[in-house]
Each structure stands twice: as C-alpha cells, then as structure tokens.
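Some notes on the structure that comes next.
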Amino acid sequence: MAKTIKDHLQDIFDDLGKDEQRKFKSKLCDRRTEPRVRRAQIEEVEDSIALADLMVNTFTTTGAVSVTIEILQAIGCNEQATELNENVGKSPLVPSAGASALSAEQFVDRNRTKLISRVNNVDAILDELLQMRVITDENYSTIIVERTSQEKMRKLFMGPIKSAGSKGKDALYKALKEVEPMLTEELESQ
C-alpha cells in the first residue's frame with residue numbers, strides 16, 4: 001500500500017528526535033501566517049503520529065507538506081526537508097517537488113486581501129457557490145444584500161468559506177476561475 005502524506009510526515013517527525021521536535025513545535029506555534037496553530041493544540045501533541053495529524057488537520061494534506069518543509073528549514077533540518085520534498089514529490093497526492101502551482105486553498109489564503117479588494121462580480125460567484133452547495137440560501141440572502149463587493153467578499157470569507165474549510169476554498173477557487181478568469185490568472189502568476 002502506498003504511503004499517505006500523513007505517513008511521510010510521521011516518518012520525518014520520527015527522524016527528528018525529541019529536541020528537534022520541540023524546536024519544530026515551538027516554531028510552529030510562533031508562525032504568524034494563517035491558519036495558525038494554538039499553543040494549547042501543540043501542548044497536546046505527544047508523539048509523531050499526533051504531530052502529523054495536527055499538521056494535516058490544520059493545513060490539509062497539501063498545505064501540511066509545504067508548512068512542514070518551511071519549518072524544517074527554519075530550524076536547520078534541511079536534510080529532512082529535502083527528504084520530505086523528494087518523497088512527497090513522488091506521491092500522486094500532491095504536485096511534484098518542483099511544481100510552482102499552488103493548491104486552491106493556498107491560492108485563496110495567499111490572495112485573500114487582494115480578492116476582497118478586487119473581485120467585482122461577487123453576485124455571480126455567490127450563484128456558483130450556491131449551485132455547488134457550498135453556501136445555503138440563507139448565506140446567499142445574507143451576503144447579497146451587502147452594499148459593496150468588498151463587504152460581500154469579507155462576509156463570504158468570514159462565514160461560509162471559513163466554515164467549509166478546504167472544500168469551500170476549492171469551490172471558491174473554481175468559481176473565481178469561472179467568473180473572474182483574468183484576475184485569477186494574474187494572481188496565479190505572482
């Protein structure tokens with residue numbers, strides 16, 4: 001049976017040992033980019049399995065790998081970072097190691113502010129999300145009455161997209177590619 005992302009993460013965390021794991025957890029807690037991990041969550045982590053679960057549950061399978069590599073490099077564990085990148089790059093679950101394409105979730109997270117300020121046709125995006133069943137009729141009615149596009153996007157991000165998690169961000173990305181293709185293309189190229 002092929003290894004999952006969680007298996008690869010667990011192997012790397014096992015290789016780190018206690019001292020490096022402690023450094024990793026400390027750096028993870030200090031990380032300021034969203035989504036963030038709370039100190040209480042990290043304190044509950046007792047072993048490599050729990051740490052791998054925390055990473056995948058917080059950042060999704062794709063995001064967990066890039067965040068893990070980022071932190072490994074920050075604490076000087078470059079060998080483990082390279083090993084993880086190589087092992088996961090061979091996995092069909094994520095893009096190859098050198099791929100520059102962001103996941104839909106990473107795209108939405110990275111460009112949140114720009115999306116709020118630059119998306120103009122929010123109503124069409126809401127229509128798409130309603131059709132995909134990411135938002136409910138009630139969400140739709142609440143958001144559509146907002147006065148500006150920016151207010152609509154903020155309410156969309158803070159409500160239905162936040163509660164839908166990675167699936168919601170995937171759907172939003174698909175809707176953006178459909179409704180705002182030029183903006184999406186520009187942000188992807190940055």
Side-chain angles (χ1 to χ4, degrees), residues 1-116 134 157-174 176 187-190:
M1 183 160 97
K3 282 189 170 189
T4 65
I5 298 293
K6 203 181 282 189
D7 293 333
H8 287 294
L9 291 173
Q10 185 182 332
D11 289 346
I12 292 297
F13 297 144
D14 282 338
D15 289 348
L16 287 181
K18 279 204 182 288
D19 287 339
E20 262 74 26
Q21 268 194 32
R22 194 168 346 114
K23 288 179 190 174
F24 184 93
K25 290 182 210 175
S26 175
K27 196 58 102 170
L28 178 61
C29 189
D30 293 341
R31 190 171 179 274
R32 296 289 169 230
T33 309
E34 292 293 335
R36 294 177 58 192
V37 178
R38 300 195 182 282
R39 186 166 302 280
Q41 292 173 291
I42 292 172
E43 288 173 356
E44 292 176 7
V45 171
E46 296 178 7
D47 58 15
S48 300
I49 297 169
L51 185 53
D53 283 338
L54 175 66
M55 295 300 291
V56 170
N57 291 338
T58 304
F59 303 105
T60 74
T61 53
T62 308
V65 172
S66 59
V67 171
T68 300
I69 290 170
E70 167 194 321
I71 294 172
L72 287 170
Q73 290 171 336
I75 64 171
C77 295
N78 295 321
E79 187 177 316
Q80 288 87 349
T82 301
E83 180 184 338
L84 179 60
N85 200 6
E86 288 172 358
N87 289 340
V88 172
K90 296 172 188 165
S91 170
L93 298 175
V94 295
S96 64
S100 61
L102 294 173
S103 71
E105 183 175 16
Q106 289 170 322
F107 173 85
V108 170
D109 287 341
R110 188 180 84 179
N111 295 296
R112 182 179 190 275
T113 305
K114 291 176 184 166
L115 293 172
I116 288 171
V134 174
F157 270 113
M158 294 310 294
I161 297 302
K162 186 176 184 178
S163 66
S166 60
K167 289 183 180 179
K169 290 175 184 176
D170 288 345
L172 176 58
Y173 176 74
K174 288 176 188 166
L176 285 164
L187 294 175
E188 284 176 330
S189 68
Q190 293 179 352

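Distance check: Lys162 NZ to Phe157 CZ gives 12.5 Å after rounding to the nearest 0.5 Å. Distance check: Leu187 CG to Leu176 CG gives 9.0 Å after rounding to the nearest 0.5 Å. Taken to the nearest 0.5 Å, the CD1 atom of Ile69 stands 4.5 Å off from the CG atom of Leu84. Between the CD1 atom in Ile42 and the CZ atom in Phe24 there is a gap of 9.0 Å [rounded to 0.5 Å]. To the nearest 0.5 Å, the span separating OG1 on Thr68 from CD on Gln73 amounts to 11.0 Å. A distance of 9.0 Å separates CD1 of Ile71 from NZ of Lys27, quoted to the nearest 0.5 Å.
You'll find the side chain of Cys77 reaches within 4.5 Å of the side chain of Leu16, heavy atoms only. Side-chain atoms of Asp170 and Tyr173, non-hydrogen and from C-beta on, never get closer than 4.5 Å to each other. For the pair Phe107/Lys169, no side-chain contact is recorded, criterion being any heavy-atom separation below 4.5 Å from C-beta on.
Of the possible donor and acceptor atoms, none in the side chain of Glu44 sits under 3.5 Å from a partner among the backbone N and O of Gln41. In this structure a side-chain-to-backbone donor-acceptor pair under 3.5 Å is present from Ser66 to Gly63.
Shown here for Val134 and Gly168, the closest heavy-atom pair between the two residues is CG1-CA, 4.0 Å. The two residues Leu51 and Lys25 have their closest heavy-atom pair at CD1-CG, 4.4 Å. Nearest heavy-atom pair across Ile49 and Gln10 is CG1-NE2, 3.3 Å. Nearest approach of Ala64 to Leu9, heavy atoms of both residues: CB-CD1, 3.9 Å. Nearest approach of Asp109 to Pro35, heavy atoms of both residues: OD2-CD, 4.2 Å. For the residue pair Asp47 and Gln21, the shortest heavy atom distance occurs at C-OE1, 4.5 Å.
At a cut-off of 3.5 Å, with distance as the only test, a side-chain donor of Glu105 or Thr60 sits close to an acceptor on the other residue. No hydrogens or angles considered: nothing links the side chains of Thr82 and Asn85 as a donor-acceptor pair under 3.5 Å.
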| field | Evaluation steps, side chain to side chain contact (heavy atoms under 4.5 Å, CB included), between Asp15 and Glu83 | value | CA-CA 11 Å; Asp15 289 348; Glu83 180 184 338; 3.8 Å; yes
| message | Please evaluate residues Leu72 and Ile12 with respect to the criterion side chain to side chain contact (heavy atoms under 4.5 Å, CB included), reporting the C-alpha separation (whole Å), side-chain torsions for both, the decisive distance (0.1 Å), and the verdict. | response | CA-CA 10 Å; Leu72 287 170; Ile12 292 297; 3.8 Å; yes
| Hey, mind stepping through Leu54 and Leu28 against side chain to side chain contact (heavy atoms under 4.5 Å, CB included) and telling me if it holds? | CA-CA 11 Å; Leu54 175 66; Leu28 178 61; 4.3 Å; yes
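For the pair Arg22 and Asp19, the salt-bridge criterion is met [side-chain N within less than 4.0 Å of a carboxylate O].
The residue from Gln80, Lys3, Lys6 that alone fulfils the side chain to side chain donor-acceptor pair (under 3.5 Å) condition with Asp11 is Lys3.
Residue pairs meeting the salt bridge (Lys or Arg N to Asp or Glu O under 4.0 Å) criterion with at least one partner in residues 55-66, sequence neighbours excluded, are absent.
Heavy atoms of other residues, nucleotides or ligands lying less than 6.0 angstrom from CZ of Arg31 number more than 12.
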